[in-house]
Protein chains: 2
Amino acid sequence: MSSTQMLKGIIDGCVLAIIKNKEVYGYELAEKLEAYGFESFSEGTIYPMLMRMQREELVSATFKKSTAGPRRKYYSLTQKGEKELQHFITRWEQLQQSVNQVLQNGVNSS
Amino acid sequence: MSSTQMLKGIIDGCVLAIIKNKEVYGYELAEKLEAYGFESFSEGTIYPMLMRMQREELVSATFKKSTAGPRRKYYSLTQKGEKELQHFITRWEQLQQSVNQVLQNGVNSS
DNA sequence: ATATATACCTTGCATTGCAATGTAGTGAGT
DNA sequence: ACTCACTACATTGCAATGCAAGGTATATAT
């Protein structure tokens, strides 16, 4: 039971939420996620994920020049992405409720 | 982003918490998880998971006769399993905090 | 006998996080 | 010019695990 397994299907929603707030590029996203407390976020996770989301039309991308390195690929949310984010939030809240209930009943009452 | 992906690495902890409360057998576990709000829990998930946990010495198992069908395989927590449960709870709380922070900042402030 | 509920297990697949590796632009120091 | 560090995107192959589908077997009722 590694820590990374718990992230499956969850960072997707977090990424959508961050992109909704403001368009971001991949490298920036990695830094933001780390700032939020997700430790060690691999680029091997982020770039394939963003590309998958683009393929699924949850986000759209445009390249912009940078003065600090190569061009950046900025992502922003599509309407479909907004809907998906709302669905994620619903599922996340249900999951939280279920897990917390199990932990309370299961751990304390023995 | 399916609903099942979000469960990866998370039901493990929930199962440990349920077993800690009281020894259970697989079929019973499926029903309990459903009662807690985890919809549609496949036996193809539960039995391999329990066997994996036994292999990792997080749980121990004993067979007991049943009057309502074939013998039941009851699982109970080992010391190692208790430690693993504590680790899970820590990770879960961190995850909750991070995700909720992202959702608050990302969704509302745009 | 047949049906239903109980109870466990196995096989094969799909998804996805990640380490490792590659490529390339920009700027500072020497 | 050369090197180094930082920035930035991408690909490959692997590992973990949830699950549908299918199989086996026991107990009870009709």
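Here the structure is a predicted model, which is why all the values come from computation and not from measurement. Per chain, numbering begins at 1; letters A, B, ... match sequence-line order.
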Could you run down the sub-3.5 Å N/O contacts of the protein with nucleotides 21-23 of chain C?
none

(message) For a side-chain contact (heavy atoms from CB on, under 4.5 Å) check, start with the C-alpha distance between Leu103(B) and Phe88(A), then their side-chain angles and the critical distance, and finish with the verdict.
(response) CA-CA 10 Å; Leu103(B) 291 184; Phe88(A) 167 77; 4.0 Å; yes

(message) Side-chain N or O of Ser66(B) versus OP1/OP2 of dA7(C): is the shortest distance under 4.0 Å?
(response) yes

(message) For the CD atom of Glu93(A) and the CG atom of Leu95(A), what is their distance to the nearest 0.5 Å?
(response) 11.0 Å

(message) Without decimals, in angstroms, what is the distance between Met51(A) CE and dA8(D) P?
(response) 18 Å

(request) Name all pairs fulfilling the salt bridge (Lys or Arg N to Asp or Glu O under 4.0 Å) condition that reach into residues 58-82 of chain B, sequence neighbours left out, sorted by first residue then second. (result) Lys20(B)-Glu82(B), Glu23(B)-Lys64(B)

(request) Look at Tyr25(B) and dA7(C) and indicate whether a side-chain polar atom (N or O) is within less than 4.0 Å of OP1 or OP2. (result) yes

(request) Could you tell me whether Glu31(A) atom CD has more than 12 heavy atoms of other residues or ligands within 6.0 Å of it? (result) yes

(message) Let me confirm one number: the CD-CD distance from Gln86(B) to Glu84(B), rounded to the nearest 0.5 Å.
(response) 10.5 Å

(message) Among residues 68-75 of chain B, which ones have heavy-atom contacts with DNA chain D below 4.0 Å?
(response) Gly69(B), Pro70(B)

(request) Using whole Å, report how far CG of Asp12(B) lies from C1' of dG18(D). (result) 10 Å

(message) Using whole Å, what does the distance between atom C1' of nucleotide dA15(D) and atom CE of Met6(A) come to?
(response) 18 Å

(request) Select one nucleotide: of dG18(D), dG17(C), dC9(C), the one nearest the side-chain heavy atoms of Ile11(B). (result) dG18(D)

(request) Using the closest heavy atom to pick a nucleotide of DNA chain C for each, name whichever of Thr67(A) or Gly44(A) lands nearer the 5' end. (result) Gly44(A)

(message) Return whichever of Phe63(A) or Lys8(A) has its heavy-atom-nearest nucleotide of DNA chain D closer to the 5' end.
(response) Phe63(A)

(message) What is the distance, to the nearest angstrom, from the CD1 atom on Ile10(A) to the P atom on dG17(C)?
(response) 10 Å

(request) With rounding to the nearest 0.5 Å, note down the distance linking CD1 in Ile19(B) to CG in Leu50(B). (result) 5.5 Å

(request) With DNA chain C as reference, determine whether Gly26(B) or Met49(A) sits nearer its 5' end, using the nearest nucleotide of each. (result) Gly26(B)

(message) Counting only side-chain nitrogens and oxygens, does Ser42(A) get under 4.0 Å of the OP1 or OP2 atom of dG17(C)?
(response) no

(message) Is the phosphate of dC8(C) approached by Tyr47(B) (side-chain N or O, under 4.0 Å from OP1 or OP2)?
(response) yes

(request) Could I get the full list of side-chain hydrogen bond (donor to acceptor under 3.5 Å, both in side chains) partners for Gln96(B), not counting sequence neighbours? (result) Asn100(A)

(message) Measure CD1/Ile46(B) against P/dC8(C) and give the value in whole Å, please.
(response) 10 Å

(request) Report the distance from atom CG of Leu50(B) to atom P of dG18(D), rounded to the nearest whole Å. (result) 11 Å

(request) Using a cut-off of strictly less than 4.0 Å, decide whether Thr45(A) has a side-chain nitrogen or oxygen near OP1 or OP2 of dG17(C). (result) no

(request) List, by chain and number, the other hydrophobic cluster members for Tyr25(B), where Ile, Leu, Val, Met, Phe, Trp and Tyr join if side-chain heavy atoms come within less than 4.5 Å, directly or indirectly. (result) Tyr27(B), Tyr47(B), Tyr74(B)

(message) Which residues pass the side-chain hydrogen bond (donor to acceptor under 3.5 Å, both in side chains) test with Ser60(B), not counting sequence neighbours?
(response) Ser76(B)

